[in-house]
Amino acid sequence: MSEVIRKFQQAGLVPVVVLDTPEQAVPLAKALLDGGIDVMEVTYRTDAAEQAISRIAREVPEMTVGAGTVLDAATAANALAAGAKFLVSPGLSLEEVAYCHARSAPLFPGIATASELQAAVCAGLTAVKFFPAQQLGGPAMIQALGAAFPKVRFMPTGGIGLENLESYLSLPNVFACGGSWVCPTRLIRSGEFQVITALCRNARKEVERILSNCA
């Protein structure tokens with residue numbers, strides 16, 4: 001878990017990726033790397049996810065690829081077998097947490113309330129996804145939750161872009177932000193990977209500026 005979080009911190013953001021076909025996986029992973037981002041979350045929102053993760057893990061080993069929208073232990077097992085280095089869920093499933101703990105697999109479940117966060121802490125978690133971040137109150141909500149749970153760190157996802165990235169990343173209990181704005185599905189579908197690389201470079205410049213101001 002600590003190694004994955006270190007990777008997340010260095011990147012500052014974790015691209016949330018939706019792929020229609022496995023053939024899109026390797027070109028996208030290389031585009032993200034060219035843009036300075038070496039982590040990515042391939043969501044299980046399409047049937048292409050498992051093969052896409054497998055191709056990235058095999059053909060682009062310098063990319064730390066994980067699986068998103070992992071809703072249960074069975075999907076977690078498939079993703080790990082495909083080569084996922086971490087798992088992300090939109091919500092909290094204690095069954096899934098137990099499954100991943102037993103296999104030392106890094107899992108970042110989504111929480112939206114203090115009650116869910118307390119359940120996650122009682123299950124042994126110290127790092128979670130906060131989703132959907134903007135709709136739930138954004139940075140102010142993370143600060144409020146952090147006051148009650150000072151040992152927990154957050155990866156906010158949902159409604160985050162360049163315009164509000166600083167308000168999240170500047171919080172001491174935020175280790176990275178998740179988002180799809182650096183790899184929009186429309187650009188993936190049209191094969192505009194150079195544009196995605198440019199978006200990643202711009203995002204990385206902003207991350208570096210924010211983190212240097214916080215140092």
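A quick note: this is a predicted structure, and the numbers were derived from the prediction, not measured.
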Looking only at non-hydrogen atoms, find the nearest pair between Ala52 and Val42 and report the distance.
CB-CG1, 4.3 Å
Less than 4.5 Å apart, any side-chain heavy atom of Arg153 and any of Ile5?
yes
Worked check of side-chain contact (heavy atoms from CB on, under 4.5 Å) between Val207 and Arg204
CA-CA 5 Å; Val207 167; Arg204 280 295 302 155; 3.5 Å; yes
Output for pair (Glu41 CD, Thr43 OG1), nearest 0.5 Å, gives 7.0 Å
Would you please name every residue forming a side chain to side chain contact (heavy atoms under 4.5 Å, CB included) with Leu171, sequence neighbours left out?
Pro139, Ile142, Gln143, Asn173, Val174
Is there a donor-acceptor contact under 3.5 Å from the side chain of Glu96 to the main chain of Leu92?
no
I need the minimum non-hydrogen distance between Val128 and Ala120, along with the two atoms involved.
CG1-CB, 4.2 Å
Using the side chain to side chain contact (heavy atoms under 4.5 Å, CB included) criterion, which residues pair with Glu62? Sequence neighbours excluded.
Leu33, Val60
Taking atom CD as the centre, does Gln118 end up with more than 12 heavy-atom neighbours from other residues, nucleotides or ligands that are less than 6.0 angstrom away?
no
How about CG on Asn202, more than 12 heavy atoms from neighbouring residues, nucleotides or ligands closer than 6.0 Å, or not?
yes
Quick one: do Arg186 and Glu192 make a salt bridge, cutoff under 4.0 Å?
no
Working to the nearest 0.5 angstrom, can you tell me the gap between Arg209 CZ and Leu165 CG?
9.0 Å
Show the atom names and distances, to 0.1 Å, of all donor-acceptor pairs under 3.5 Å that link a side chain in residues 67-85 to residues at least two apart or in another chain.
from  : atom 1 : to    : atom 2 : distance (Å)
Thr69 : OG1    : Arg45 : NE     : 3.4
Asp72 : OD1    : Ala74 : N      : 3.4
Asp72 : OD1    : Thr75 : N      : 2.8
Asp72 : OD1    : Thr75 : OG1    : 2.7
Lys85 : NZ     : Gly83 : O      : 3.2

Pairing residues for Arg58 by the salt bridge (Lys or Arg N to Asp or Glu O under 4.0 Å) criterion, not counting sequence neighbours:
none
Does Glu95 have more than 12 heavy atoms from other residues, nucleotides or ligands lying within 6.0 Å of its CD?
no
Does Lys30 reach the side chain of Leu28, with side-chain heavy atoms less than 4.5 Å apart?
no
For residues Ser89 and Leu87, determine if any side-chain heavy atom of one lies less than 4.5 Å from a side-chain heavy atom of the other.
no
Minimum-distance pair of heavy atoms, taken over all atoms of Leu32 and Cys200
CD2-SG, 3.3 Å
Excluding sequence neighbours, so at least two apart, what forms salt bridge (Lys or Arg N to Asp or Glu O under 4.0 Å) with Glu59?
none
Is Glu206 close to Leu169 at the side-chain level, that is, under 4.5 Å between some pair of heavy atoms?
no
Would you give me the side-chain donor-acceptor pairs under 3.5 Å for residues 10-19, sequence neighbours excluded?
from  : atom 1 : to   : atom 2 : distance (Å)
Gln10 : OE1    : Arg6 : NH1    : 3.3

Looking at Glu23, I'd like to know if its CD atom is crowded, meaning that more than 12 non-hydrogen atoms belonging to other residues, nucleotides or ligands lie closer than 6.0 Å.
yes
Is there a donor-acceptor pair closer than 3.5 Å between any side-chain N or O of Asn164 and the backbone N or O of Gly159?
yes
Any pair with a residue in residues 32-73 that passes ring pair (Phe, Tyr, Trp, His ring centres under 6.0 Å), sequence neighbours left out, goes on the list, sorted by first then second residue, please.
none
Rounded distance (nearest 0.5 Å) linking atom SG of Cys183 with atom CD of Gln24
11.5 Å
Tell me, which pairs form a ring pair (Phe, Tyr, Trp, His ring centres under 6.0 Å) where one or both residues lie in residues 81-100, sequence neighbours left out?
Phe8-Phe86
Which residues pass the salt bridge (Lys or Arg N to Asp or Glu O under 4.0 Å) test with Asp38, not counting sequence neighbours?
Lys7
Applying salt bridge (Lys or Arg N to Asp or Glu O under 4.0 Å), can you list everything that pairs with Asp34, at least two apart in sequence or on another chain?
none
Qualifying ring pair (Phe, Tyr, Trp, His ring centres under 6.0 Å) pairs with a residue from residues 152-201, counting only residues at least two apart or across chains
Phe108-Phe175
Could you name each residue pair satisfying ring pair (Phe, Tyr, Trp, His ring centres under 6.0 Å) that touches residues 195-215, not counting sequence neighbours?
none
